[in-house]
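Numbers restart at 1 for each chain; the letters A, B, ... are given by sequence-line order, proteins then strands. Note that these values count all heavy atoms, side chains included, but never hydrogens, waters or copies made by symmetry.
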Amino acid sequence: MSPVVGLARRAIVRWEALLVVMILAAGVWSWTLSSFFLRRANLLDLATPYIFIGLVAFGLTFVVVAGEIDISVMSIMAVAAVSIAEIWSAGVDVWLAALAGLGVAVVLGLANGLLVGLLDVPSLAVTLGTLAAYRGLAYVILGGSSISGLPTGFTDVGGGYISNELPDALLVLLAFALVLGVLLHATRFGRYLYAIGSTREVARFSGIPVARVRVTIFAISGLMAGFAAIVYLGFFGSVQADAASGSELIDVVTAVVLGGVDIFGGSGSILGVLLALILIAVLRNGMQLANLGGATQDMVIGGLLVAAILAGNVLRGAQSRGLPWTRARYARKEVTQAETPGVHSSGT
Amino acid sequence: MKAPGRPAVSAQTLVSAVFRLRELGIGIALLLTVVLFSVRATNFATVSNWQDIASDVAVVIVVAVGETMVVLTRNIDLSVGSIAGLSAYLSAETLSTHHGVPIVVMALIAVGVGLAAGLVNGLLVAVGRIPAIIATLATLSIYRGLVFQATGGDYVFPNELPQSFQNLAAEKPLGLPFLAWVALGVALVGGAVLRWAPWARDFYAIGSSPEAARLVAVPVVRRVITAFAISGALAGLGGFMFAVRFANVDTNTARGFEFDVITAVVIGGVNVFGGSGTILGVTLGALLVATIDNGFTLLKFSEFWKIFFEGTAIVVAVTLDALLKGRVQDALRRRRRPASIPREQEAPA
Amino acid sequence: MSALVELVGITKGYGGVQALDDVSFAIEAGAVHALVGENGAGKSTLVKILTGVVHPDDGRLLVDGEPQRIGSAHDAHRLGIVAMYQEPTVFPDLTVAENIFAGRHPRGRLRSVDWQAMRSAVAQLLDDLGVEFGPATPMRGLGVADRQLTEIAKALSSNARLLIMDEPTAALSPHEVDNLFGTVRRLRERGVAVVFISHRLEEVAALADTVTVLRDGRHVTTRPAETLPQQEIVRLMVGRSLDALFPKETVEIGEPVLRAEGLGSRGVFSDVSFELRRGEIVGLAGFVGSGRSEIARAIFGIDRLDSGELWIDGRRFRPSSPRAALRRGLAYLPEDRLNQGLVQPMSVAVNTSMAVLPELTPAGFLRPRRERALARRFMEQLRIKATSPAQIVRSLSGGNQQKVVLSKWLAAEPRILILDEPTHGVDVGTKADVHRTISRLAAEGLTILLISSELLEIIAMSDRVLVMHEGRLAAELSRAEATEERIIEAAAGMQKAVA
Amino acid sequence: GNAGSTKVQAGYKIFLLPKQIGQPVFNTNNQGAQEAAKALGDKVTYNGPTEAVGSKQVPFIDTAVRQGFNAIIISADDPNAVAPALKRAMAKGVKVISYDSDAAPNARNLFVSGPDQKAVGFAEVEWLGSQIGYKGDFAILSATATATNQNAWIGYMKQALKLPKYKNMKLVKIAYGNDNDTKSLQEAQGLLQAYPDLRGIIAPTTVGIAAAARVVSQAKKCSAVRVTGLGLPSQMKSYVKSGCVLKFGLWNEKDFGYVAVQTAHALLAGKLTGKPGQSFVAGRLGKRTVGKGGVIIGVPPFAWTKKTIDSAGF
Ligand SMILES: Nc1ncnc2c1ncn2[C@@H]1O[C@H](COP(=O)(O)OP(=O)(O)OP(=O)(O)O)[C@@H](O)[C@H]1O
Ligand SMILES: Nc1ncnc2c1ncn2[C@@H]1O[C@H](COP(=O)(O)OP(=O)(O)OP(=O)(O)O)[C@@H](O)[C@H]1O
Ligand SMILES: [Mg+2]
Ligand SMILES: [Mg+2]
């Protein structure tokens, strides 16, 4: 195998590397579509509308890596946003209100977690229910009305700019990516998630506190939905009970799975999810600048998703183990981390 | 030679009883719901209301039967809503431009369109080895995009469709709405296939352990394609049923419908990791959700609390189901020996 | 007449590892052909090549003298080659009957599944094997041994011309092994070729007509079984002579460490009382399904106890979770390495450190270097054949995987160690290593409860033997009393009095 | 792009942003918009999200600004959610005109409104009242609980009910069909079941009225339960022809888009500044005047019956 081919293969083997290549390609394409694309203001700002999606996706990543799913996240985000706005409009300091909103989000996440972790109800079933129940809660709190006019200091988190072009929200996203990346990839807790997501039985037999961890991940997912609510409030400057009740959930799931997280658990990375988010943002932005129809945009993103993975599969050859989201991937990552493999002597 | 003290028949009957219990949890939840609403909600327990529920749930059941087959193989089809929208439009458009076309032909067109879309899904997943959730997330947008391309923002409105077609939804042979008959037929056939057709039994094997399936020479690729094709075809039929029900098709038809379908499948006890689940369970699941929806509508709650209670009711139902299943599994584990260890006399202390 | 199957120059490498190197030999119809070799010698790889799961890099396969390409499991089936694999590949959601007939259901009217025919065929098969469960039993929840038996039934039910059994007996007790051998002999009489892989050389002697020895992926010899005494096989396998069994050293038995009184779990076991002392190795024998593993699981806090009390060091111990048990110095090596022992897609290092992460990572942050050092230590100690601590356990041979599980629990440095089939699939040489390790640990004061279906192991290693029969302790035998006959008698419920 | 400062008289780039593309109503708006653009020599680009969610309009606003569009015409799905983005646009010199559904008033220059909301609300009550003898229970089938114009109309309907003329009419329920076929149909069915004495349904949304008409016609209750509200003539045609629906309203959606573009052009060309009382000529539709709060009534109300429905053309 020539070194070039070897290098190429290794790059493709890492899903994150493929995502980077795809982002670059998408960037070039966007640039040919519209000359506005490469303007600095555009480049810095193109991810801003998707920051809250990204924060929720980060939280969901923890859940999915551990082999569960939480589709109530957008409803939790709505309840948190609605609570913050409602508490603020009752005269409480907006930051205190935000704290309370985060608390609410964690509690809702915990409720999911307790049903899943302690009573062993399938997480998809639980969160299908709470998806509706929590949305109902948002309506109960705010009804059909809308709250806006939150103080600028607060809305800057999601909608403010540093020196008029660098969005605050982007920094928030990157900061969370860093912190959560460390939590997921470099701590004992993170290791537990991968173990549980790979084989829950083994994790339990190894003395890992499986129930506690499973409860915790839903709390984390709730918490991230809470932070997303703060960014959401900042970016849109207002909230209604139906906030993010459309295809936002699909956007979140897309970011997670396109980021290479195995939907069956046991593998995935925060970096992948971040890159997937950027890829989607670049594509959407480019196509919007070129005034491609909304439906066409959706189709292109879908088609690209399929084409990219197909291409990856072809390049990677016909072994199914090589798929990025199969569990082997977590493992492969470790192989590359390890020092030069020396064959160990067997007992001869 | 028999192992000493083997419990022969009793264990088997117990186990099969336990297997039947699989649908018990959701059945009980449904029963409780019905009783509760019958007591509390105006007009809940009337024939016409049940006819409404039956037509509400019909499309869900038809598409859920196909979805079940896909989920059994440890895959998922998120594109069913878009497939339904596409076939609804293409078939309705055909009928609106050629009034003479028999309605059966229109249904066949819808099924055909769905089948083609499902085949593409199946090929992407089985041959292209794209994880189903990604592949069908993509085709969800692609097929919906095709609806936009096909319609160009156009639509089919009732006045463009023949009267006979418009009346179809209101027909109730033997008191059961036309659409419910379709659903009943599909559910019965689907259930029988999953029980009796060797190739459909393979779905269970594939979902339970894809590697093991490959080792025993189950044609995994072909079966997965088949499951997606069926799901697509039934989603196509679902599209036809949408057209029948609303006599009105536009780009929004069946948007988000995959959500209702997957809800029914999950509540109906199909394991999302594949390998287990029945059409009976899915049908009960769909009925449960529709009943909860309908009952709370009739309860005259404030609109906002209604959404909350509907969701909560689902959580309660699935929790009940899970707790019951837990019990069953524990019983299974202890099934080996009766509570009192036999042959006491042979082992004196 | 040409051989049924002939391998010519079969070669297979995985990255740096040469799993098979130019292997040639022939398999004759109507004979039992034993395949032996150390862990990682390439036996399972050879099986996978014969069944089309793995494709050789080089070499040819002749079936009935004709060259054949076996590209998939399907091709193998067509040629009449059927295997039962070392790691049972079951469908946990299906019944035993469907597991056995998956992919080739008997057909009835309208080509539909003939459930009746299927059930009765399976009932017959299971009866021949003398197992305890019926066709309608769901697969999920069956123990390793029962899974293995199902796998055997599956292999037997096919009309194979070449039947390959990769360590079919590793989890079985003498009772099931006898039944299996009876069945295999009947097949041989019908002219079926059987390839039989086992690390229990006495079984090889009892059953095989021909023996092939592999070493480090190379073919060493293929000879009639009568010309190969066990010591010779061992010598050919490891390249030097070796005592097959490690003699346990005698150690001073100390004070009681764990006391169990009247343990019971409804419908599983009842009235189980025993005591374990410091430095003692206590064997727990019994037939498959007698409840040995269940007792261990209950003590370790995995299953709930319905009755009875436990004391550790005289202090009451209530098993609530594996974590709590670990904190009290208790560790349990489970019998099922596939589902309970190892996270297959993770590395040797990650698996080795799994149970000791809290100690390895006091601040909560992972310490990869420490994990690797730990893994490397055990790789040397147990002679684990892996390229590095970063190798994925799934790609290890069965026996080497077992050693990783062992490492994981030894790393936990427990005071009481429950070993459930610790040498499952481990080769003779390493088995002696494992026994030596266990013995040394006992001498250092570790208390060991040894569950094993291999009587020789129990007898050789135990200071005392407890025998289970249908969920009850049927006998307690001292080292002197513990003979094969007495253990089997007690396990079969024929013992008249409990010692 | 900053075009607000240079007073070119034609060739403006205008972005028309509907709540959702692929919707019959907005497509009709677009037809009128293109007609106006052609007449004025401007270029109107029509694009938007594929689903009606306020937050999904935001990226379209931001990119339109960066592409140098001179004006944005928007039907705001959520008036407040799009406000920050619209304000950003205005800060960059882009003119913002809301039409159909208003954005927050400080986030747009002008609002081209449909018929006066009060008039619409009152008219719908009158249409139903006249069909049921001003007596009996009725329900409203709305879109989403948060939809601004729906809620405004419903507010005025409630106001109208206080008039003595309507004292025997009772609003028993407001149901929300979320502008979704299935949900609207189920809600309409529920209304019939839960309120056996129901005499009428007002659905001020095209999806809702179509669903309600379908339900009553299938239940063969057309005369017992009267359906009215706001609907697309072509969609309602068969119910009107069969006599199931007698009367419902909708203004001329094509003209609506036409006026919106005319307004944007006038604003860009400096003929308008947005002060109340100013007026301009909106092409073939004649004079329009800026009212209080920068609101321009774009199109008059219109009620459709069996007699007029064939002339609708949309
Ligand atoms: N997928 C794989 N990737 C890398 N190495 C592999 C893979 N499969 C097997 N090997 C290596 O090939 C060698 C032979 O393995 P094999 O499973 O055939 O041994 P075995 O003789 O069956 O041993 P055991 O008695 O322990 O089961 C081992 O060193 C193993 O680590
Ligand atoms: N969770 C479970 N559900 C159903 N059956 C179970 C479960 N756990 C164990 N069993 C059954 O109970 C039997 C007795 O279990 P156990 O493994 O303790 O016996 P054993 O004496 O250790 O035999 P073995 O040699 O199989 O380990 C098992 O073989 C298995 O079939
Ligand atoms: Mg092996
Ligand atoms: Mg055991």
Side-chain angles (χ1 to χ4, degrees), chain A residues 1 65 67 182-213 262 264-268 318-321 323 325-348, chain C residues 15-17 38-40 215-216 238-240 300 302 321-327 331-332 334 336 339-347 349-351 353-355 357-358 360-361 364-366 368 372 376 379-380 382-392 394 400 408 412 427 429-430 433:
Chain A
M1 189 160 48
V65 164
V182 168
L183 180 60
L184 185 60
H185 302 296
T187 68
R188 185 165 72 221
F189 175 74
R191 170 70 58 76
Y192 284 171
L193 297 189
Y194 287 97
I196 293 172
S198 291
T199 331
R200 198 155 86 214
E201 191 80 343
V202 176
R204 194 160 70 104
F205 273 72
S206 307
I208 293 174
V210 175
R212 206 168 69 206
V213 172
D262 183 352
F264 293 123
S267 86
Q319 103 254 28
S320 62
R321 288 274 153 72
L323 294 181
W325 36 82
T326 60
R327 287 146 193 202
R329 185 161 149 280
Y330 178 71
R332 196 176 313 111
K333 190 155 55 203
E334 284 175 7
V335 176
T336 53
Q337 276 165 9
E339 68 276 78
T340 9
V343 177
H344 243 264
S345 65
S346 69
T348 34
Chain C
V17 182
E38 281 186 299
N39 293 136
R215 182 165 77 223
D216 286 338
V238 301
R240 66 196 148 94
F300 195 54
I302 290 160
S321 70
R323 201 174 175 73
L326 269 169
R327 287 217 189 90
Y332 169 57
D336 182 352
N339 298 304
Q340 301 166 346
L342 294 173
V343 182
Q344 292 283 335
M346 290 183 162
S347 69
V350 167
N351 274 287
S353 64
M354 187 82 73
L357 268 188
L360 268 188
T361 60
F365 289 98
L366 295 178
R372 285 198 295 270
R376 216 171 282 118
M379 283 168 64
E380 267 155 41
L382 297 176
R383 304 192 206 177
I384 297 174
K385 194 175 168 190
T387 48
S388 82
Q391 189 173 353
I392 302 317
R394 183 193 279 135
N400 283 301
K408 165 173 157 182
D427 66 37
T430 320
D433 288 341

Side chain proximity check, C:Asp336 to A:Phe205, heavy atoms < 4.5 angstrom
no

At a heavy-atom separation under 4.5 Å, does C:Leu357 approach chain A through its side chain, its backbone, both, or neither?
both

Minimal heavy-atom distance between C:Leu342 and A:Val202, with the atoms involved, is O-CG2, 3.4 Å

Is there a side-chain contact between C:Met346 and A:Tyr194, using heavy atoms and a 4.5 Å cut-off?
yes

Engaged part of A:Val182 at the chain C interface, taking heavy atoms whose separation is under 4.5 Å:
side chain

When C:Pro334, C:Ala355, C:Pro358 are compared by non-hydrogen pairs under 4.5 Å with chain A, the top option:
C:Pro358

With a 4.5 Å heavy-atom cut-off, do A:Ser198 and C:Gln344 have their side chains touching?
no

Looking only at non-hydrogen atoms, find the nearest pair between A:Pro209 and C:Arg323 and report the distance.
CD-NH1, 3.2 Å

Of all heavy-atom pairs linking A:Thr199 and C:Asn339, the shortest is CG2-O, 3.9 Å

Close side-chain approach of A:Ile208 and C:Met354, heavy atoms under 4.5 Å
yes

Strictly distance-based, threshold 3.5 Å: is any side-chain N or O of A:Arg188 a donor or acceptor partner for the main-chain N or O of C:Thr361?
yes

Check: A:Arg204 and C:Ile302 side chains under 4.5 Å, non-hydrogen atoms:
yes

Chain A shares the most heavy-atom pairs under 4.5 Å, among C:Pro322, C:Ala412, C:Ala325, with C:Pro322

